[in-house]
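Right, one structure below, let's go through it.
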Amino acid sequence: MTADLFLINVAFYVVGAIALVGALIAVTAQNILRAALGLIVSFIGVAGVYFVLEAEFLGVVQILIYVGAIAVLILFAVMLTRGLMRGTGSAYNTQWMGAAFIALILFLLLGVVALGTRWNVVPRQVGDDVIPQIGTELMTTYLLPFEARSLLLLAVLVGAIVIARE
Amino acid sequence: MDILNSLFTNLYDWLAATIHSLLAGLGLTKDAESAIVAAIMGLIVVTVILLWMVLMVLILIWLERKNAARVQDRVGPNRVGPWGLLQPVADTVKMFIKEDIIPTNADKLVHTLAPIVTMAPAVLAFAVIPWGKGMFPADLNIGVLWVVAVGSIGTLGIFMAGYGSNNKFSLLGGMRGVAQAVSYEIPQVLTIVTIVLMTGTMSLVKIVESQGGWGGLQWYIFAFPVGPIAFVVFYLSSLAEVNRTPFDIPEGESEIVAGHHTEYSGMKWGLFYLAEYFNFFLVCCLGAILFFGGWQGPGFLPGYVWFILKVYFLIWVGMWIRMTWPRFRVDQLMGFAWKVLVPIALLNILLAGLRFDLFSLLRMMGLIS
């Protein structure tokens with residue numbers, strides 16, 4: 001194993017551990033706000049995984065959208081709930097066993113799929129400028145899903161405004 | 001002039017060569033040797049930039065006080081050192097020896113982490129700023145996006161401070177801060193998109209290089225009408241993004257004491273203060289790079305001098321605005337972002353997409369390449 005590969009492995013496990021620890025905090029924290037903060041740690045860990053795998057664009061977009069926008073909105077929604085300042089009680093309720101069971105099945109399913117698929121491991125050479133390529137692909141090959149998504153988001157936006165006005 | 005221009009890059013090369021020759025005697029493999037040199041040089045660059053930034057902040061604090069005094073017809077600090085130049089040093093020492101107070105009912109972990117979460121992104125963003133020709137810590141091909149993404153983490157710090165202090169004024173300030181930062185991020189990013197559209201790259205280094213025409217004066221601020229409109233929207237939303245008066249409702253003293261940092265004292269409060277000035281300096285750097293050609297300029301001054309001059313010009317305008325305008329009301333602030341800045345920025349993107357600007361026009365007539 002060369003020095004480069006070793007370092008990449010170390011970095012991968014470090015950021016992976018960050019993502020996992022954050023996820024653990026998110027599901028076990030007593031305080032709902034701390035749970036949200038744990039979720040953010042997990043998001044940042046996932047962004048780190050993207051960086052290690054040399055998908056910088058994806059990593060930065062992960063930070064920008066998940067940490068900068070979605071997480072902040074979650075926190076904002078939590079802030080608007082009542083009883084924020086006192087502890088919100090146990091995070092465990094009577095249904096945790098069922099939830100754990102379903103999560104385990106999902107994990108096994110994903111594991112089977114991930115291990116059973118023959119991945120194309122030949123490194124596809126990606127040019128220096130990935131971003132123009134992504135833009136072109138979005139505007140040609142993937143135009144329909146892209147537009148469908150924009151329409152969906154627009155509908156959600158209008159719906160939110162309508163609900164807020166009532 | 002060439003010597004002056006490449007002074008720092010030559011210094012870097014010489015230092016790297018020296019370390020290389022020092023390591024040569026140890027009998028390491030070539031890979032290990034270059035890895036160690038890269039690590040040492042990286043540490044040196046990071047240390048130099050951090051020290052430089054702290055120095056800049058000290059100057060900024062002094063400038064702010066002197067400017068404020070000038071506008072308000074006072075003298076300003078004039079006791080510590082010549083013209084009060086050492087006043088920021090005295091302030092820093094005072095901050096270090098103050099007692100660090102954590103409120104009894106606060107969420108201690110979140111309360112302690114908040115200043116760090118605010119400060120770290122402000123430092124990280126400087127990883128991609130080009131200070132002069134060939135003087136940049138890293139040239140990411142997503143440079144602009146990196147600055148915006150990392151900057152958006154800083155919002156979390158404000159929020160954590162507001163919640164973790166367990167104080168109603170802190171919570172109100174935190175909520176105002178988050179709402180404001182999220183709203184003003186949108187026009188800011190939209191104007192950055194305008195420049196990215198005109199340049200065709202997100203790398204800050206390449207954006208600066210593309211403004212080198214006309215003897216170093218082909219700046220995007222001159223790309224009428226798209227450039228100036230984009231600059232005004234960018235500058236206003238940036239001032240709001242870094243919570244400067246007249247956009248400083250998250251810490252409006254007349255309403256909510258000091259907003260999210262009401263319960264902070266000593267160096268924890270100092271970190272918020274430092275992060276605020278780091279961010280202010282950062283957005284001025286970004287403005288200079290995107291609209292004023294970064295280190296490009298007529299050849300009688302070295303590139304890095306041009307860059308610093310432009311940054312300080314933007315900073316001075318920011319201080320001028322701060323001292324002469326009263327604070328917005330909350331509803332005015334949000335209305336200004338969503339009803340004025342965002343529509344203008346969107347229209348501006350349309351203009352840029354249609355190539356309706358001076359540079360594109362001249363290019364079409366074959367007057368510039």
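Just so we're clear, the structure is a prediction, and the values are computed from it rather than from any experiment. In what follows, chains are A, B, ... by sequence order, proteins preceding strands, each numbered from 1.
Residue contact with chain A, scored on non-hydrogen atoms closer than 4.5 Å, involves the backbone and the side chain of B:Leu109 alike. At a 4.5 Å heavy-atom cutoff, B:Ala181 makes no contact with chain A through either its backbone or its side chain. Looking at A:Leu73, neither its backbone nor its side chain comes within 4.5 Å of chain B, counting heavy atoms on both sides. If you measure heavy-atom distances from A:Ile40 to chain B, the contacts under 4.5 Å come from the side chain alone.
Comparing B:Val110, B:Leu145, B:Thr155, B:Val182 by how many heavy-atom pairs each has under 4.5 Å with chain A, the most go to B:Leu145.
Of all heavy-atom pairs spanning B:Ser152 and A:Gly68, the tightest one is OG-CA, 3.4 Å.
Between B:Val178 and A:Leu75, the closest side-chain pair of non-hydrogen atoms is not below 4.5 Å. Counting heavy atoms from C-beta outward, B:Glu185 and A:Leu64 have side chains that approach closer than 4.5 Å.
Heavy-atom neighbours of B:Phe126 CZ from other residues, nucleotides or ligands within 6.0 Å: above the threshold of 12.
The CG atom of A:Leu33 sits 4.5 Å away from atom CZ of B:Phe159, with the distance rounded to the nearest 0.5 Å. The distance from atom CD1 of A:Ile63 to atom CD1 of B:Ile153, rounded to the nearest 0.5 Å, is 5.0 Å.
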